[in-house]
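Here's the structure we're looking at; comments come further down.
Counting from 1, the numbers follow the sequence of the chain as shown. All of these numbers come straight from a predicted model, not from anything done at the bench.
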Amino acid sequence: MTNNKNEPRVLALILGGGKGTRLYPLTKERSKPAVSFGGKYRIVDIPISNCINSGYKKIYLLTQFNSASLHLHITNSYNFDRFSSGFVEILAAEQTLEHSGWYEGTADSVRKGLVHCRSQHPTQYIILSGDQLYRMDLRAFFEAHLKSNADISVATTAVTREAASGFGIMQIDSNNKINSFIEKPAKDMDIESWKIPQESRGALPANKEYLASMGIYIFNTEALEKVLDSSFTDFGKEIIPHAIKQMNVNSYIFDGYWEDIGTIKSFYDANIQLTDINPQFNFYEEDEPIYTHMRNLPPSKINSAQMTATLTSEGCVITDCKIHRSIIGLRSIIENNTVLDGVVMMGADFYETREEKNTNKKKNIPTLGIGRNCHITKAIIDKNARIGNNVRINVDGKKYEDGDHGSFYSADGIIVIRKGAVISDGTVI
């Protein structure tokens, strides 16, 4: 964008979310945006990259829970050169003379951060979620917003009637103006009149007849200041339904892949789907890269392995293994005769020295990574886990109730090995 004073000045705000309880235990020591994804990335890299690829390089992240890991990642990853006016900065919850509490919701976090945002003199704000997987040309979204003369634009995606019960559903007219909003309509509720008008359907799938909010918005600055001059704390449940009655609120229908990865199951599925021959979300887009921390790691060393439908990150050492439909994260060490099937392994933050490995052996502690003769299926192995020899995880048909089981966590049949967990030789989970 040029420095012309008449040019729009767009400021991007990425919402870091709350405590991330649905992604626990991955969020026990880190915020949702800082959770590892796809072997070498963090979830937050997705919305940041969408902004950068669309030409919007002034970005604030609003977060308050377990933000140390996120701070470190942002500092190491996003440094624009001195000739650029771009930045990626974190706005953490803070106490001031005006307010002393935590963020109380999505809208409240933006309200409390406006004092910092105003210094950029934005004409519009793009507000994004920090825990969604998608590629969107935000410039096209913005141009549609300007063309509609809307005060607020809401990105929406078409969903089936069954799925509609899990979203905020928008009712639009033939010009894409939003007339009404309903939060998670019950499955037996008659919402026939809320179907997408034929004029707005385009090439949408025939079975997807309703518009769900994606939690992605564009606000004109005056509109944002006005709606936040209230006691409302949440955009989806309060701000948008209230604004529809008073302002021109438009729907931008997005027909690409979009997935909310806020639960263990959706997070696991989104990772594993990356191993498809033609994945719905593809990292291999030369013109639209996903940016992240550039590490000076060596190439992965595959001493001997049978690997199919697997993504392997930098710095791994894999010896005589069978790995299928899995994600192998940075610095992963996997020893011989181990079998992985449907495993999301996040890797490690460091390598152990020979002396440290010898000390571990004396103390009967497994080294970082996965030992010999292990068999692991349908599992997430968080960073810096130590899994000994002859360990079996999720292969013997044992069912666990969802929840905490000490060294591991169970959710929807997926076993999550905690960050830094020590799983002794011969353990069966």
Is the centre of the Y134 ring less than 6.0 Å from the centre of the Y257 ring? no
Hey, do the aromatic rings of F283 and Y41 have their centres closer than 6.0 Å? yes
For residues N176 and S200, is any side-chain donor paired with an opposing acceptor at under 3.5 Å? yes
Could you please spell out the steps behind the side chain to side chain donor-acceptor pair (under 3.5 Å) verdict for D45 and H293? CA-CA 9 Å; D45 293 328; H293 179 196; over 6 Å; no
Y217 pairs by ring pair (Phe, Tyr, Trp, His ring centres under 6.0 Å) with which of F235, F142, Y125? F235
Check ion pair K383-D349 (N to O, under 4.0 angstrom): yes
Would you please indicate if the ring centroids of H242 and F232 are separated by under 6.0 Å? yes
Can you tell me if S266 and E259 form a side-chain donor-acceptor pair at under 3.5 Å? no
Applying the side chain to side chain donor-acceptor pair (under 3.5 Å) criterion to R325, which one of T310, D276, T308 satisfies it? D276
Member of N220, I240, I218 meeting the side-chain contact (heavy atoms from CB on, under 4.5 Å) criterion with I152: I240
Side-chain donor-acceptor contact under 3.5 Å, D341 with H375: no
What's the verdict on side chain to side chain donor-acceptor pair (under 3.5 Å) for N303 and T319, showing C-alpha distance, side-chain angles and the deciding distance? CA-CA 5 Å; N303 292 317; T319 304; 2.8 Å; yes
Aromatic contact between Y252 and H145, with the criterion being ring centroids under 6.0 Å apart: yes or no? no
Tell me whether the NZ or CZ atom of R135 lies within the 45° cone about the ring axis of F281 and under 6.0 Å from its centre. yes
E238 vs T233, test: side chain to side chain donor-acceptor pair (under 3.5 Å). Steps then yes/no. CA-CA 7 Å; E238 298 173 304; T233 59; 3.2 Å; yes
Are there more than 12 heavy atoms of other residues, nucleotides or ligands under 6.0 Å from atom CD of Q306? no
Ignoring hydrogens and angles, write down the donor-acceptor pairs under 3.5 Å from the side chains of residues 422-429, residues two or more places apart or on other chains.
{"from": "D425", "atom 1": "OD1", "to": "N389", "atom 2": "N", "distance (Å)": "2.9"}
{"from": "T427", "atom 1": "OG1", "to": "S424", "atom 2": "O", "distance (Å)": "2.7"}

More than 12 heavy atoms from other groups under 6.0 Å of CZ on R372: no
Looking just at side-chain N and O atoms, do T156 and S213 make a donor-acceptor pair shorter than 3.5 Å? no
Indicate whether the side chain of R9 and that of T123 have a donor and an acceptor atom separated by less than 3.5 Å. no
Here's a test for you: under side chain to side chain donor-acceptor pair (under 3.5 Å), which of T367, T359, N360 qualifies with E352? N360
